Amino acid sequence: MRLIRVRQIRLRLIRAAIAALLLSACPAFAEAPVVMAPVVIKFSHVAAPQSHKSRAAEHFKALAERYTNGRVRIELYPNSQLYKDKEELEALQLGAVQMLAPSVSKFGPLGIRAFEVFDLPYIFADYEALAKITEGEIGRELLDRLQSKGLIGLAYWNNGFKMLSANAPLRSPDDVLGLKMRIQASKVIEAQMWAMGGLPQVMAFSEAYHALSSGVVDGTENTPANMYTQKMYEVQAHATMTHHGYLGYAVISNHKFWAGLPADVRAALERAIAETTPVANAFALEENEHAMAEMKASGRTTFHEPTPAERALWIETLTPVHDEMAGRVGRDLIDRIYAATGRATQ
Ligand code: LMR
């Protein structure tokens with residue numbers, strides 16, 4: 001027994017001596033930094049790999065990995081390959097992924113209804129009006145509300161303004177009567193479809209193409225970029241450029257995860273996000289234009305630009321949804337948006 005202990009002590013001493021010898025023979029070895037495994041951020045989203053959301057995520061990845069000197073590795077998972085719409089939010093809350101960029105129309109089921117204010121038909125006249133919110137105090141306040149659900153809002157990235165599509169021409173709101181319309185999980189979008197007599201069907205983005213092609217639903221609404229990258233235009237013979245609503249994203253993380261990052265890593269990531277936002281918005285504009293040109297050239301869908309009189313009728317039919325949904329998204333919030341964007345009240 002005693003002999004074994006003596007041998008163990010001798011072995012330890014020999015090992016220590018070898019280590020000391022190595023260090024003295026090679027000072028660089030002594031100074032070599034301890035190599036830490038990088039923090040892995042899984043960034044999941046539902047848009048196609050060739051979408052502007054993917055391009056923005058790739059831009060963010062390059063900046064984030066550069067600014068953190070490789071201390072962070074961003075893994076991108078587009079096209080709902082990890083999770084669909086609702087599941088990805090749950091996965092983020094549980095810490096299975098660390099970043100998402102969902103449409104703000106999808107926060108209602110989490111219990112944060114105020115984001116649905118972005119879905120109110122014709123609330124933003126143009127990108128300038130929209131930026132007053134996404135780049136201002138109201139936008140920041142909305143992102144802060146995510147904390148109550150264990151999330152942190154980091155930025156807004158645009159997609160664009162939506163059109164309505166179906167397999168029959170949609171010249172006026174009456175043409176939507178009785179049509180089953182795929183929508184995102186937003187009560188405001190639901191009310192908007194009811195306002196036209198349509199039958200809203202909440203469905204994950206990844207299921208929209210199949211539902212349209214198999215006739216489970218008759219029509220939908222989306223931006224040109226989404227219509228194009230999901231090939232929805234191939235199964236929708238008509239679309240009307242109503243530009244009735246906005247679709248955009250909040251870049252979000254798990255609050256606990258974000259707060260637990262070393263301060264300098266967090267600052268570097270926040271810098272990468274801030275620098276990506278204008279690039280992401282430029283990609284979105286570019287992709288929406290490109291998508292329109294490609295879809296028109298394909299000849300699969302007939303695009304209708306409403307006349308001024310037709311446009312007036314779309315606005316008249318859809319804007320009562322503001323008052324109808326005021327109880328859900330907040331009258332005060334709607335009025336603050338009217339004031340901030342210079343929009344005339346109802
Ligand atoms: C949709 O579900 O239609 C969009 O939110 C998808 C997306 O991420 O652009």
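Heavy-atom basis, side chains included; hydrogens, waters and symmetry copies ignored. Counting starts at 1 for both ligands and their atoms, following the listed order. Bear in mind that the values here come from a model prediction, so they are computed numbers and not experimental data.
- Between Arg55 and Glu287, at least one side-chain nitrogen of the basic residue sits less than 4.0 Å from a carboxylate oxygen of the acidic one, meeting the salt-bridge criterion.
- A donor-acceptor pair shorter than 3.5 Å cannot be found between the side chains of Glu135 and Tyr156.
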List, one per line, each side-chain donor-acceptor pair under 3.5 Å for residues 191-210, sequence neighbours excluded.
{"from": "Gln192", "atom 1": "NE2", "to": "Glu221", "atom 2": "OE1", "distance (Å)": "3.0"}
{"from": "Glu207", "atom 1": "OE2", "to": "Lys84", "atom 2": "NZ", "distance (Å)": "2.5"}

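- In summary, of the residues considered (Asn288, Leu247, Val46), a side-chain contact (heavy atoms from CB on, under 4.5 Å) with Asn226 occurs for Leu247 alone.
- Note on Glu141 versus Arg336: salt bridge recorded, some NZ/NE/NH1/NH2 to OD/OE distance being below 4.0 Å.
- Atom NZ of Lys132 has more than 12 heavy atoms from other residues, nucleotides or ligands within 6.0 Å.
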Between ligand 1 and the protein, which N/O pairs are shorter than 3.5 Å?
{"from": "ligand 1", "atom 1": "2 (O)", "to": "Lys106", "atom 2": "NZ", "distance (Å)": "2.7"}
{"from": "ligand 1", "atom 1": "2 (O)", "to": "Arg182", "atom 2": "NH2", "distance (Å)": "2.9"}
{"from": "ligand 1", "atom 1": "3 (O)", "to": "Arg182", "atom 2": "NH1", "distance (Å)": "2.8"}
{"from": "ligand 1", "atom 1": "3 (O)", "to": "Asn222", "atom 2": "ND2", "distance (Å)": "2.9"}
{"from": "ligand 1", "atom 1": "5 (O)", "to": "Lys106", "atom 2": "NZ", "distance (Å)": "3.0"}
{"from": "ligand 1", "atom 1": "5 (O)", "to": "Gln184", "atom 2": "OE1", "distance (Å)": "2.7"}
{"from": "ligand 1", "atom 1": "8 (O)", "to": "Lys53", "atom 2": "NZ", "distance (Å)": "2.7"}
{"from": "ligand 1", "atom 1": "9 (O)", "to": "Asn226", "atom 2": "ND2", "distance (Å)": "2.9"}
{"from": "ligand 1", "atom 1": "9 (O)", "to": "Tyr249", "atom 2": "OH", "distance (Å)": "2.4"}

